[in-house]
Every structure is written in structure tokens, then in C-alpha cells.
Protein chains: 2
Amino acid sequence: MNAAAAKSRPRYEARARIAKALAHPSRLLMLDALQKREHCVCELTALVGADQSTVSKHLAILKQAGIVVDRKEGPLTFYRIKVCCLADFWRCIETVLKENLRTQQAAFGG
Amino acid sequence: MNAAAAKSRPRYEARARIAKALAHPSRLLMLDALQKREHCVCELTALVGADQSTVSKHLAILKQAGIVVDRKEGPLTFYRIKVCCLADFWRCIETVLKENLRTQQAAFGG
DNA sequence: TGGCGATATGGTAATTATGCCATAGGATGC
DNA sequence: GCATCCTATGGCATAATTACCATATCGCCA
């Protein structure tokens with residue numbers, strides 16, 4: 001590896017940790033719901049349709065990545081989005097998907 | 001799972017596939033290099049400092065996700081970025097990292 | 001055609017991620 | 001205190017990811 005690349009390696013590892021937290025369909029589904037308003041774990045569990053412990057672990061991953069924060073209210077734990085930049089992320093992903101669709105259509109059409 | 005959530009599930013899986021392709025330090029490093037100009041596999045192999053076959057597989061993942069495209073020129077294969085939206089992705093990731101740093105500092109400072 | 005450099009692919013082992021079950025812990029209400 | 005609801009965690013089995021080695025493939029040139 002490059003000297004420069006070796007030096008910047010931790011930087012890319014940090015970035016990858018964030019990206020990895022975003023790289024699961026259930027977590028993306030929950031983030032979309034949280035975009036509108038905060039939700040408790042029970043609501044998100046119903047939404048995702050997985051075991052409650054599974055959802056709890058997904059939320060722990062998002063929290064550890066710094067993407068969401070939680071707030072206890074009585075027996076409930078509410079999660080909400082912490083960062084304001086997810087729109088950028090969505091836009092990027094959607095652009096790739098649209099472009100892929102376009103490429104595919106071009107391949108079939110031509 | 002919600003009926004609505006079940007219906008939108010494939011959508012989130014497609015999104016997650018893109019995000020997953022972006023969720024590896026070596027791939028992020030290569031994408032940063034490719035942002036400036038196209039590179040052949042041998043250049044990227046030197047940059048990353050992994051086995052050539054490993055780098056080739058990373059590039060296949062990026063290509064399959066529709067993030068890069070390749071171009072053969074003689075014995076070389078050049079890769080370049082296909083989508084124009086990666087700046088959005090970087091911005092999102094960097095915002096999270098900065099916010100995490102800020103949170104950490106606030107925790108220590110307060 | 002034979003050899004060489006560049007790249008891709010198959011195989012395999014190690015690590016990591018994921019999901020569910022069981023269960024612990026905390027809050028609430030009786 | 002006790003039962004109940006909500007959430008988090010430990011344990012475990014399975015699946016996915018990753019990296020390397022070996023090797024196949026392709027283009028090029030002598």
C-alpha cells in the first residue's frame with residue numbers, strides 16, 4: 001500500500017463503519033420511518049416484522065454509528081434521527097438505482 | 001411486518017445493495033482515487049496494497065452495483081466512476097463523522 | 001507459437017453479520 | 001411485593017463477507 005494510502009486508511013475505515021451501518025434493508029426501512037418522526041422500539045418492531053431483539057440490535061448499530069439517538073420515556077425507548085444529512089445519502093442511492101435502471105433499459109432497447 | 005413495509009421491502013433491499021457496495025474501506029479508497037481520473041487495476045492494487053485478486057473482486061462489486069464501469073485497453077482494464085452522485089454520499093458520511101466528533105467532545109468537555 | 005504481463009475466477013479458511021430464543025433489567029400499576 | 005409490558009443482552013446457529021493462493025484467460029510481442 002501507498003504511504004499516503006496507509007496514512008489515510010483509518011479515515012476510510014471510519015467512513016466504512018458509517019456506510020456499513022446504513023447497509024441493511026431493515027435499518028433503511030426504519031430510518032425512513034424515523035425521518036418523519038421519532039418511534040419507539042415496539043413500533044419499529046411491528047414495522048420491520050422481525051423479532052424484537054433483532055430490531056433492538058439494529059437500532060444499537062445505528063446508534064453506535066451516530067445516526068440515531070434514543071430517549072427513554074417510562075418503559076418506552078424512542079429513537080430519532082440525529083444527523084441531518086441522510087437526504088444526501090438517499091439522493092446518492094436513488095441516483096445509482098435510477099442510473100442502473102436506465103443502463104438496463106438501454107441494454108435491452110439497443 | 002406491515003403490509004406497506006412488506007410491499008416496499010424490495011425497494012430497501014435494492015438500496016441496501018448499493019450501500020453495501022460502498023461499505024468497505026478499500027472500496028472507498030479506490031473510489032476516492034477514481035474520483036479524480038480513471039485507473040487500471042494494477043494502479044489500484046498498488047494503492048490499496050492488497051492482493052490483485054482481492055482488488056479485482058472489490059472492483060467487481062462496485063461494477064455490479066453500478067457505481068463504476070470498466071474499459072479494456074490492451075491488456076489493461078481501466079475503471080472509472082459511472083455515477084455523478086458520490087459527492088452526496090461523501091457529504092453525508094463526513095457530516096456524521098463530524099457530528100460524532102462533536103458529540104464526543106461535548107461529552108468529555110461537559 | 002511461446003512467453004509474459006495484466007486481470008478475472010474458483011477454492012478455501014477466517015472473520016463478521018444476522019436472526020431467533022431465552023432471559024435479564026427497568027418502569028408501571030395493582 | 002408481584003405481575004406485566006417494553007427493551008436490551010447473551011448465546012448460538014447460519015449466512016455473508018473478506019482475503020489469499022492457485023490458476024485460467026486475454027492481449028501483446030518476439
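Residue numbers begin at 1 in each chain, while the letters A, B, ... track the order of the sequences. Being a predicted model, the structure only gives us computed values, none of them experimental.
For the pair Lys57(A) and Lys72(A), both in contact range of DNA chain D, the more 5′-proximal nearest nucleotide belongs to Lys72(A). Between Ala23(A) and Glu43(B), it is Glu43(B) whose nearest contact on DNA chain C lies nearer the 5' terminus. Closest-nucleotide positions on DNA chain D for Leu76(A) and Arg27(B) were compared, and the one nearer the 5' end corresponds to Leu76(A).
The heavy-atom pair separating Leu86(B) from Cys92(A) by the smallest distance is CD2-SG, 4.1 Å. Smallest separation of non-hydrogen atoms from Leu44(A) and Ala33(A): CD2-CB, 4.5 Å.
Here dT18(D) presents its C1' atom at 17 Å from CD of Gln64(B), a figure rounded to the nearest Å. If you measure from atom CD of Gln52(B) to atom C1' of dT23(D), you get 12 Å, rounded to the nearest angstrom. In this structure, the NE2 atom of His24(A) is 11 Å from the P atom of dA16(D), given to the nearest Å. The separation between Leu59(A) atom CG and dT9(D) atom C1' is 14 Å, rounded to whole Å. The separation between Asp51(A) atom CG and dG10(D) atom P is 16 Å, rounded to whole Å. dT7(D) atom P lies 13 Å from atom CE of Met30(A), rounded to whole Å.
Using a 4.0 Å heavy-atom cutoff across all strands shown, Lys20(B) reaches sugar-phosphate atoms only and no base atom. When heavy atoms are screened at a 4.0 angstrom cut-off, Thr77(A) is found touching the sugar-phosphate backbone but no base atom. Using a 4.0 Å heavy-atom cutoff across all strands shown, Tyr79(B) reaches sugar-phosphate atoms only and no base atom.
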Between Glu94(B) and Lys98(B), is a salt bridge (charged side-chain N to carboxylate O under 4.0 Å, His left out) present by the stated rule, with each step listed?
-> CA-CA 6 Å; Glu94(B) 288 300 313; Lys98(B) 266 180 215 141; 5.3 Å; no

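A salt bridge links Arg9(B) to Glu13(B): one of the charged nitrogens lies within less than 4.0 Å of a carboxylate oxygen. A salt bridge links Arg15(B) to Asp32(A): one of the charged nitrogens lies within less than 4.0 Å of a carboxylate oxygen. By the 4.0 Å N-to-carboxylate-O rule, Glu43(A) lies close enough to Arg37(A) to be salt-bridged with it. The residues Glu73(B) and Arg71(B) are annotated as salt-bridged, a charged nitrogen and a carboxylate oxygen being separated by less than 4.0 angstrom.
Between His58(A) and His24(A), the two ring planes are tilted [angle within 30° to 60°].
Here His58(B) does not reach the OP1 or OP2 of dT17(D): none of its side-chain N or O atoms lies under 4.0 Å away. For dA8(D), one of the phosphate oxygens OP1 or OP2 lies less than 4.0 angstrom from a side-chain nitrogen or oxygen of Ser56(A).
One axis for each end of the helix from dT1(C)-dA30(D) to dC30(C)-dG1(D), each built from five base pairs, and the angle between them comes to 10° at 10° resolution.
Nucleotides of DNA chain C lying under 4.0 Å from heavy atoms of chain A occupy a range whose first and last members, 5' to 3', are dA17(C) to dT28(C).
By the neighbour-count criterion of 12 heavy atoms within 6.0 Å, atom CD of Gln64(A) is sparsely surrounded, having that number or fewer from other residues, nucleotides or ligands.
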